[in-house]
Amino acid sequence: MKNPKVVILGAGYGGMMTTVKLQKLIGTNEADITLVNKHDYHYQTTLLHETSAGTAPQEQVKIAIKDVVDFSKVNFVQDTVVSIDPKAKKVQLEDGELEYDYLVIGLGFESATFGIKGLEENAFMISNVNNARLIREHIEYNFSRYNNEPEDRPELLTIVIGGAGFTGIEFAGEIANRVPELCREYDIDRSKVRIITVEAGPSALAGFDPELVEYALNKLEAKGVEFRLSTAVKEAKADSIIVEHDGQQEEIKTENFIWAAGVKGNPIVEQSGFEVNRGKVQVRPDLRTPDYDDVFVVGDCALIMNEESGRPYPPTAQMAMQQGPVVAQNLKTLIRGGGELQEFEPNILGTLASLGSRDAMGVVFGNKKLFGWSASFMKKMSDNRYLMKLGGIGLVLKKGKFDIFH
Ligand SMILES: Cc1cc2nc3c(=O)[nH]c(=O)nc-3n(C[C@H](O)[C@H](O)[C@H](O)COP(=O)(O)OP(=O)(O)OC[C@H]3O[C@@H](n4cnc5c(N)ncnc54)[C@H](O)[C@@H]3O)c2cc1C
């Protein structure tokens with residue numbers, strides 16, 4: 001009898017955790033496991049704001065898939081998924097086609113642009129290593145241009161961040177730390193640089209405790225970040241953005257516009273005909289799609305309702321990495337002939353947002369608020385904890401964060 005074919009799409013938090021757990025749970029003669037990913041590396045998306053600002057080297061964020069996945073047990077295919085045909089149980093890749101008996105979709109997120117004019121063409125997005133490196137290079141290039149221009153062009157030194165949510169705030173903290181370095185490097189007076197965060201909502205960090213929000217804003221303002229709240233981005237152009245506040249429109253000149261105001265599930269899922277809610281698959285408790293018993297969805301492509309709040313859980317790496325082991329366990333059960341599948345119970349350990357490399361704020365252990373060094377310490381420990389789960393102590397030593405005692 002032929003081994004069942006398990007295909008895992010995407011080497012993000014959900015896909016990687018599913019793969020490394022499954023390779024331990026079953027023997028090579030039980031199933032053929034294939035992992036498909038665009039790149040030959042996994043990246044820590046939760047650190048991309050650092051790569052984008054240039055405060056962390058890209059090598060820290062990237063993890064070679066071969067360093068954590070056992071290629072004697074898992075067939076790795078570096079390719080791009082184009083579409084899925086769940087009825088025919090096939091996945092179309094740019095360079096081929098795969099058949100499966102069981103599928104895991106972990107294709108992550110894309111930035112959501114909400115149809116805002118010019119955003120796709122003129123804004124930078126923090127969503128993968130390639131565009132994070134582009135943001136870092138672009139800002140640095142504009143600083144290097146400044147003293148070479150015949151006229152004063154403040155838009156080269158104006159960095160505008162669209163969205164004061166989690167990602168926008170974390171990027172603001174990093175870029176505020178990076179700017180003094182760029183000023184030194186390119187002989188620019190710091191007072192000429194502006195970092196402006198534009199937020200459509202009445203407050204930054206919606207959903208966070210007001211005391212934590214106040215702490216974050218005070219700290220960032222002290223580093224020179226300006227906040228424009230209740231201000232919506234209406235249009236992005238090559239050298240400016242149009243914003244609206246109280247019905248009044250204004251043009252802000254900038255050649256460094258970073259859009260960090262929302263994400264959506266990878267559109268391949270909806271385009272492949274899966275039933276979606278807000279672009280994501282509202283999965284069953286065992287993480288399978290409502291309509292296919294052989295398809296699991298993890299991470300930002302999956303929607304899970306929080307019964308207490310009546311709202312979906314926010315898409316986080318924390319959720320994705322907790323889902324991987326449940327899917328692996330359920331795949332083992334199905335491969336071995338069936339039985340009761342495990343249900344996924346989110347265990348939210350906390351939410352911490354960094355405000356630069358040595359400052360952070362957030363909530364841990366249910367409701368304990370943390371600020372400053374202790375929050376930053378906990379955040380770095382949680383990054384290291386993920387590396388430990390993924391690749392053991394070797395990976396922690398290679399990619400971990402150890403600048404924790406100052
Ligand atoms: C700057 C930033 C900071 C964040 N900070 C935190 C935080 O502190 N804590 C937290 O819990 N969450 C955080 N998040 C959210 C978190 O990163 C996401 O929820 C998480 O990455 C989702 O994981 P995933 O497994 O769904 O997929 P992802 O991590 O998005 O990975 C998807 C993978 O699929 C691959 N892929 C995509 N499309 C294709 C295709 N067509 N073909 C082949 N491969 C493909 C990608 O290359 C990637 O490897 C942050 C996000 C950002 C952007």
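First listed ligand is number 1; within each ligand, the first listed atom is number 1.
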Any atom of ligand 1 sitting under 4.0 Å from a heavy atom of [X]?
{"X": "H39", "answer": "yes"}
{"X": "K379", "answer": "yes"}
{"X": "F171", "answer": "no"}
{"X": "D79", "answer": "yes"}

[atom] [closest protein heavy-atom partner, distance rounded to 0.1 Å]:
{"atom": "atom 12 (N) of ligand 1", "result": "A317 N, 3.1 Å"}
{"atom": "atom 38 (N) of ligand 1", "result": "N266 ND2, 3.2 Å"}
{"atom": "atom 29 (O) of ligand 1", "result": "T45 OG1, 3.2 Å"}
{"atom": "atom 33 (C) of ligand 1", "result": "G12 N, 3.6 Å"}
{"atom": "atom 34 (O) of ligand 1", "result": "G10 CA, 3.5 Å"}
{"atom": "atom 53 (C) of ligand 1", "result": "I126 O, 3.6 Å"}
{"atom": "atom 18 (C) of ligand 1", "result": "D300 OD2, 3.5 Å"}
{"atom": "atom 41 (N) of ligand 1", "result": "V81 O, 3.1 Å"}

Taking 4.0 angstrom as the limit and counting only heavy atoms of [X], give me the atoms of ligand 1 inside it, by number and element.
{"X": "T80", "answer": "41 (N), 42 (N), 43 (C)"}
{"X": "E170", "answer": "3 (C), 5 (N)"}
{"X": "I268", "answer": "41 (N)"}
{"X": "G14", "answer": "25 (O)"}
{"X": "A320", "answer": "23 (O), 25 (O)"}
{"X": "F109", "answer": "30 (O), 53 (C)"}
{"X": "G299", "answer": "26 (O)"}

Check for me whether K62 meets the cation-pi criterion with Y43, that is, NZ or CZ under 6.0 Å from the six-membered ring centre and within 45 degrees of the ring axis.
no
Taking [X] first and then [Y], would you say they form a salt bridge - that is, a charged N and a carboxylate O separated by under 4.0 Å?
{"X": "E50", "Y": "K401", "answer": "yes"}
{"X": "R288", "Y": "D294", "answer": "no"}
{"X": "E30", "Y": "R336", "answer": "yes"}
{"X": "E275", "Y": "K280", "answer": "no"}

So I252 and F257, do their side chains get closer than 4.5 Å, heavy atoms only?
no
Check: [X]/[Y] side-chain N/O donor and acceptor closer than 3.5 Å:
{"X": "Y13", "Y": "T46", "result": "yes"}
{"X": "Q249", "Y": "E244", "result": "yes"}
{"X": "Y215", "Y": "D359", "result": "yes"}
{"X": "N256", "Y": "T254", "result": "no"}
{"X": "H49", "Y": "T55", "result": "no"}

Under 6.0 Å between the ring centres of F143 and Y186?
no
Taking Q92 for its side chain and G96 for its backbone only, find out whether a donor-acceptor pair lies under 3.5 Å.
yes
Regarding atom 30 (O) of ligand 1: of the candidates G108, C301, P315, S83, which has the closest heavy atom?
G108
Does any N or O of ligand 1 fall below 3.5 Å from an N or O anywhere on H49, backbone included?
no
Does any N or O of ligand 1 fall below 3.5 Å from an N or O anywhere on F166, backbone included?
no
